Amino acid sequence: MRKPLNQNGIFALASPYLSRQNKPSCFHTKAHLIQQLQNCKDLTSAISLHSSAVKCGFLYETFTTNHLINCYIKLQRINLARQVFEEMSEPNVVSWTSLIAGYVIAGQPKMALWLFGEMLEFSVMPNEFTFATVINACSILAELRTGKEIHAHVEVSGFQANLVVCSSLVDMYGKCNDVNSARQVFDLMGCRNVVSWTSMMTTYTQNAQGHEALQLFSEFNVLMNERPNHFMLASVINACASLGKLVSGKVSHGAVIRSGHDSSDVVASALVDMYAKCGCLDYSDKIFKRIPHPSVIPYTSMIVSTAKYGLGKQSLQLFSEMIDRRIKPNDVTFVGVLHACSHSGLADEGLQYLESMHGKHGISPSAKHYTCVVDMLARIGRLDEAYQLAKSIQAEDNDGALLWGTLLSASRLHGRVDIAVEASKQLIDSNQQVASAYVTLSNTYALAGEWENAHNLRSKMKQSGVIKEPGCSWMEIKDSTYVFYAGDVSSCPQGSEVVNLLKELEIRMKERGYIGGSMGLVFVDVEEEAKEEILSLHSERLALGFGLINIPRGVTIRIMKNLRMCRDCHEAFKLISEIVERDFVVRDVNRFHHFKNGCCICRDFW
DNA sequence: CAAACACTGC
C-alpha cells in the first residue's frame, strides 16, 4: 500500500493552482491528467484519476470528461463510463460516440443502437465516427433494416464518400447477406484501401461466393499498389478453405511467407483450417506445431479437423493437451470434442464430456452441443435415445434444422422409417430444408423396401413444386477445377470402371477390418434418378465429405477429398482424376496468374 | 478524445 500523501505535501505540489481554482487537493495540470488517463492501465489508478478530476473541477469540461469515459471503456468498465456520461451537462458528439462504441466493445450492440437513437433525440449530429460505429453494431446484429436506415442517414448527412464509413457499410451488408448492396457500395467508393477490399472479399466468402473473393484478391494484386496485410491474407486463405481449393491455398501460403506474415497467429490459424478442409491434415499439423503459443482457436481448429478425419483419439488427446496448457476451451471447442466422440464411436466418453462442460468448464451446453450428442447416439444405432433427446431440446431455425437433419440422416442410415418420418415432419413443418427432407425420407422408405411410400412422396414433391437443387462437386487437377452436378447425364464410358474400382476398394477395406458402423459402400435404389444407383462411400476414415460427383450412366459417387489418406484410396483417387482429366472439362475456373510479384505457384515451401 | 477488415462449429 502506498502511504497517503501528507496534506502539506499536496498543498506544496498544488500551490500554483490554489489561488486560481481554490481546490486544495488539486495537484494535476489538465494536460497531465489527460495524459495519465490515456496511459492508465488499471482500475485503481483510473478511480484515483477520476477523483482528482472531480476535485480539480475538470469534469465541467467535455473534453477532459471524454478522456475519462474512454479510460473506463478501455478498462472494460462500461457502467462507470455510463455514469460519468450521465453526469455530463453537455455531452458532445465525441462523448456520445465513445459511449456507443463502448457498448459495442462490451458486447451490447443493441444498447449501442438505442443510444444512437437517444443521441438523435437530443439533436446531437452524428459524424463519420458515429456512423462507422453504429454500422458496425448493425453488422454484429445482422440488422439489415436498421443498417439500411443508417445508410440513408449517411447519404443525407454527406458522409457517403468517407472511406471508413463505406468499408463498414460493405461489411454490414455482407454480414446481413446482402451481397449486391455490399458490392454497390464498394463499386461507388471513390477511394479504397486494403480494408475495403478485405471487407468485400469477406462478404463473398461468407455468402458462399468464394470464387468471387479469389477473383477480387487477384484484382487487388493487379490494381493496387498496397500489399495485402495479414487480415487480407487470412481472408483469402479462408476463401480457399471454403472452396477446398488446395492449389490456391498453397499459392496464398506462398504469399504469406513472402510477405513475412507467417508469424501471425491469425494467418496460421487460417492456414491450419484451410489445409484440413483441403484434405491435407498433415500440413495443418505442421503449421499448428509451429505456432509458439497456440490460442483456443488453432487448438479448436485442430480438434475439429482431426475429428472430421475420424481420428477421435488424437482429437481428444489435443483437447487434454490444451487443458494441461491451461488454455480455456470455449463452446466451439466442445462442439469439436463431441464431434470427435461421435465420429469415432466413443459415445460413453462423449456423454462424459457433455457432463463436464457445465461442471468443470463453466460452459452451458447449447442446442449445437446436444445436436452433436444426438448425432453420436444415432450413428451407433441408439436411435431411440437420440430421438428422446432431440425432442427435449429447444432448437429453432437453423439450429433446429441441424438437429432434425442429423437425426433424419442417421435414421436413414439405420433404416428407422418411424423416426425418419418424425424428423422430416419437424423439418417440413418449420419450413427448413424441405427439399432435402423429402428426398432423405423418400430414400429411407426405399432402403426399407417401402417403394410405394417412396413413390408417393416423390409425386407429392412434384405436385407441391418442391425442387431439390442438384448437388455439385468439383475436383482440382493440376491448376484446373472441374465441376460436376448430380443428375448431369453426359456420357462417360469410364463410369462403370469407377464403380468397379470402388467396389474393389470396399472389399479391400473389409479385408483390413474397416467394417461395421457405417463403413463400407451402401447401394440404395431410389426413385429419384429413375432407377439409377446411388453409391455412397460411408467411411468415417474418409469422412471429409466433398459432396457428390456424378459420373454419368446414372451413377452418383460421393468422392471424398481425402481419399488420399490411405493407399488404396490413393489409387482410386488417381484413377478418378485420370478419367476426369480425360473426359470432363466442365469448367476451368480461377487460375491464379495474377500475382504481381511474378510467383504463381509455389511447390517448395515444405 | 471517438470509427471499418481476420482465424475455430454446421
Side-chain angles (χ1 to χ4, degrees), chain A residues 34 37-38 61-71 73-74 92-102 104-105 126-137 139 159 162-172 174-175 192-203 205-206 228-239 241 261 264-274 276-277 287-288 291 294-305 307-308 329-339 366-369 371-372 375 398-399 401-403 405-406 545:
Chain A
I34 288 172
L37 282 170
Q38 279 179 318
E61 293 169 6
T62 306
F63 187 83
T64 318
T65 313
N66 287 346
H67 274 286
L68 181 63
I69 290 174
N70 285 309
C71 177
I73 289 169
K74 270 184 210 138
N92 64 8
V93 59
V94 178
S95 331
W96 282 97
T97 307
S98 298
L99 194 68
I100 292 170
V104 175
I105 295 166
N127 64 13
E128 65 271 38
F129 288 83
T130 325
F131 281 122
T133 307
V134 289
I135 292 164
N136 187 23
S139 165
F159 291 107
N162 181 274
L163 178 63
V164 177
V165 170
C166 287
S167 298
S168 54
L169 279 171
V170 170
D171 175 64
M172 182 274 293
K175 300 267 158 64
R192 307 183 188 109
N193 65 4
V194 64
V195 178
S196 13
W197 284 82
T198 305
S199 298
M200 195 60 228
M201 279 173 59
T202 305
T203 291
T205 305
Q206 285 169 346
N229 62 10
H230 71 285
F231 286 102
M232 186 177 252
L233 290 167
S235 180
V236 70
I237 293 162
N238 200 20
H261 286 296
S264 154
D265 285 9
V266 172
V267 170
S269 300
L271 285 168
V272 166
D273 178 58
M274 181 276 292
K277 285 187 177 146
I287 308 252
F288 176 73
I291 304 174
S295 71
V296 59
I297 291 173
Y299 256 111
T300 302
S301 187
M302 279 307 287
I303 288 168
V304 170
S305 303
K308 277 188 187 159
N330 62 20
D331 54 332
V332 185
T333 317
F334 276 100
V335 172
V337 167
L338 294 170
H339 210 70
S366 70
K368 283 169 191 191
H369 300 106
T371 300
C372 288
D375 185 45
N398 197 32
D399 286 344
L402 285 171
L403 174 66
T406 296

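Since the structure is predicted, the reported quantities are computational estimates derived from the model, not experimental observations.
- Residue contacts for Thr97(A): at a heavy-atom cut-off of 4.0 Å it reaches a base atom on one of the strands shown.
- Scored by the salt bridge (Lys or Arg N to Asp or Glu O under 4.0 Å) test, Asp265(A) finds no partners at all (sequence neighbours excluded).
- Using bins of under 30°, 30° to 60° and over 60° for the plane-to-plane angle, the ring pair Phe288(A)/Tyr299(A) lands in the perpendicular bin.
- At a threshold of 4.0 angstrom between heavy atoms, the contacts of Ser199(A) are confined to the sugar-phosphate backbone, with no base atom among them.
- Among the heavy atoms of the strands, none lies under 4.0 Å from Asp331(A).
- Among the protein residues, Asp399(A) comes within range of no part of the nucleic acid, since none of its heavy atoms lies under 4.0 Å from any strand.
- Residues meeting the ring pair (Phe, Tyr, Trp, His ring centres under 6.0 Å) test with Phe231(A), sequence neighbours left out: none.
- Nucleic acid contact class of His230(A) (heavy atoms, under 4.0 Å, all strands): none.
- Remark: Phe159(A) pairs with Phe131(A) by the ring pair (Phe, Tyr, Trp, His ring centres under 6.0 Å) rule, at least two apart or across chains.
- The nucleotide range of DNA chain B contacted by chain A, defined by atoms under 4.0 angstrom from heavy atoms of the protein and reported 5' to 3', is dC1(B) to dC10(B).
- Not counting sequence neighbours, Thr198(A) has no partner by the side-chain hydrogen bond (donor to acceptor under 3.5 Å, both in side chains) test.
- Residues satisfying the side-chain hydrogen bond (donor to acceptor under 3.5 Å, both in side chains) test with Ser301(A), not counting sequence neighbours, are none.
- Among the heavy atoms of the strands lying under 4.0 Å from Val94(A) is at least one base atom, whether or not backbone atoms are also near.
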